[in-house]
There are 2 protein chains.
Amino acid sequence: MLQADQLKPLFDVFNLIQPLSFQVTEALKPLCQLRYFKKHEEIQAIGATCKTVYFVFSGAARIFYLKDGHEVTEYFAFENDLIIRAESLFTGNPSKKAIQALENSNVVAISSEALFRLFDQYPDLEKLFNKLVQRSYVETLKRLENLQFLTAEERYRKLLTDHPEIIQKIPLKYIASYLGITQVSLSRIRSSLR
Amino acid sequence: MLQADQLKPLFDVFNLIQPLSFQVTEALKPLCQLRYFKKHEEIQAIGATCKTVYFVFSGAARIFYLKDGHEVTEYFAFENDLIIRAESLFTGNPSKKAIQALENSNVVAISSEALFRLFDQYPDLEKLFNKLVQRSYVETLKRLENLQFLTAEERYRKLLTDHPEIIQKIPLKYIASYLGITQVSLSRIRSSLR
DNA sequence: AGATTCCTTTTACATATGTTAAAAAAATCA
DNA sequence: TGATTTTTTTAACATATGTAAAAGGAATCT
């Protein structure tokens with residue numbers, strides 16, 4: 001069971017995005033399940049329909065899918081980051097993507113159905129959720145631009161400056177597919193920068 | 001000035017996504033400005049902050065930006081499609097992207113500030129807007145996946161099956177940058193498929 | 001600690017895509 | 001219609017990235 005205020009760091013982040021009243025906060029807390037996953041453990045499997053909204057409480061996670069038998073990483077999430085598989089959550093279709101812990105991680109899991117049921121009663125909660133979605137959307141647009149017209153080396157350099165924590169904490173084989181290139185190619189790029 | 005029910009086709013689409021009451025519909029109508037743009041005309045310029053939500057009423061439009069002096073097309077919009085530059089609308093930052101008519105087009109323009117002001121009074125209107133954003137987000141995720149791990153030829157084939165209207169109506173030079181390749185490369189791919 | 005597995009780099013070669021320039025084809029305009 | 005401009009294709013060559021296999025290095029497990 002959750003201890004009082006254990007969730008405070010996450011709720012502090014929420015409040016920066018959308019100020020929440022005491023009532024909203026109290027209504028949301030019971031929906032938050034703190035779950036522990038070991039490094040490499042699967043948080044959600046491929047084929048499951050996304051009915052849970054996750055936040056990384058501590059640790060790190062990724063979303064990936066299989067393409068021709070090998071894994072393609074689509075997204076990395078760190079502390080306080082939202083994890084949803086939007087293409088499933090918003091359509092009700094099963095997701096072809098999995099969520100996996102990259103380190104021993106604590107994750108806050110919220111049932112999307114229970115969350116959405118609170119929206120009519122607490123409009124600010126709906127606004128918070130939608131602002132989080134908007135932020136994810138904007139981030140995805142930026143990644144799209146990068147993939148559309150930067151070279152592999154430019155994308156790697158950009159990741160290095162924009163998200164150094166990814167380079168530091170994540171195995172290169174995951175970063176390669178995230179950048180849309182092979183591991184060999186990434187290795188080549190790295191050695192050319194030395 | 002708008003004639004009664006001129007907007008009906010667009011509102012029919014809205015109702016499929018989120019049923020709107022008579023009151024909501026009547027509140028939204030006065031915000032809808034029907035504007036005409038000639039082929040190639042600029043709907044919004046680079047550098048402007050996005051404070052308008054557009055829908056294509058008839059015709060077609062695109063979002064593009066400049067990269068090293070040449071245009072990169074990010075998005076095509078056809079009848080009833082939403083056009084927003086999310087990275088500006090949701091952040092308040094000036095957009096580096098322009099919106100341009102690709103044919104003689106009628107466009108419904110809605111002030112985002114006026115629209116957002118209606119949200120507290122009409123929650124279903126907020127829900128409609130957020131569902132439209134969610135759909136755009138999901139579409140963007142699909143494009144990201146394609147750019148991340150399909151070859152140029154696979155991306156072209158996919159566009160051919162998923163959005164034949166783009167191939168039919170849009171100049172190839174715009175399609176090339178949309179696919180993340182040069183015009184020469186696209187031409188080569190097309191001839192190899194013949 | 002040693003053995004095993006996993007991750008990263010390197011090499012050699014193949015292929016896809018980019019670049020520049022020119023020709024061909026199509027669209028636009030007076 | 002004919003002239004002009006724009007778009008698309010083709011050619012030749014350069015470069016980036018992919019593929020497969022092997023070696024080296026690091027992490028993990030008992």
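Reminder, nothing fancy here: chain letters follow the sequence lines and each chain counts from 1.
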inquiry  = Output the rounded distance in Å from NZ (K67(B)) to P (dG18(C)).
reply    = 13 Å
ask   = Is the distance between the ring centroids of F116(A) and F129(A) under 6.0 Å?
value = yes
inquiry  = Distance alone, cut at 3.5 Å: any donor-acceptor contact between the side chains of S88(B) and N93(B)?
reply    = no
query = Expressed in angstrom and rounded to an integer, what is the separation of E154(A) atom CD from dA16(D) atom P?
reply = 11 Å
remark   = Rounded to whole Å, the CG-P distance (L150(B) to dA16(C)) equals 15 Å
query = If we ignore angles and hydrogens, is there a donor and acceptor under 3.5 Å between the side chains of Y75(A) and R62(A)?
reply = no
key: E153(A) CD - dG18(C) P separation (whole Å)   = 16 Å
For nucleotides 5-8 of chain D, tabulate all protein N/O to nucleotide N/O atom pairs closer than 3.5 Å, reporting atom names and distance.
unit_1 : atom_1 : unit_2  : atom_2 : d
dT7(D) : OP1    : K173(B) : NZ     : 3.0
dT7(D) : OP2    : K173(B) : NZ     : 2.6
dT8(D) : OP1    : L172(B) : N      : 2.9
dT8(D) : OP2    : L172(B) : N      : 3.2
dT8(D) : OP2    : K173(B) : N      : 2.9

task = Working to the nearest 0.5 Å, report the span between CD1 of I99(B) and CD1 of I46(B).
result = 11.0 Å
ask   = Does one hydrophobic cluster hold both Y36(A) and I43(A), with members joined at side-chain heavy-atom distances below 4.5 Å?
value = no
request  = Calculate the interatomic distance between L179(A) atom CG and dA16(D) atom P; express it in whole Å.
outcome  = 17 Å
key: L186(A) CG to dA16(D) P, straight-line distance once rounded to whole Å   = 16 Å
message = If I take atom CZ from residue R143(A) and atom CG from residue L141(B), how far apart are they, to the nearest 0.5 angstrom?
response = 9.0 Å
Closest-nucleotide ordering on DNA chain C, the 5'-leading residue of S191(A) and T151(B) = S191(A)
request  = Would you give a per-nucleotide map of nucleotides 19-30 of chain D, 5' to 3', where B means the base has a protein non-hydrogen atom under 4.0 Å away, S means only the sugar-phosphate does, and - means neither?
outcome  = BB-------S--
query = When the aromatic ring centroids of F55(B) and F14(B) are compared, is their separation below 6.0 Å?
reply = yes
request  = Could you state the atom-to-atom distance from CD of Q148(A) to P of dT17(C) in whole Å?
outcome  = 15 Å
message = Would you compute the distance between atom OH of Y174(A) and atom CD of Q183(A) and round it to the nearest 0.5 angstrom?
response = 10.5 Å
Close side-chain approach of Q134(B) to N130(A), heavy-atom, < 4.5 Å = yes
ask   = I189(B) has an atom CD1; how far is it from atom P of dT9(D), in whole Å?
value = 11 Å
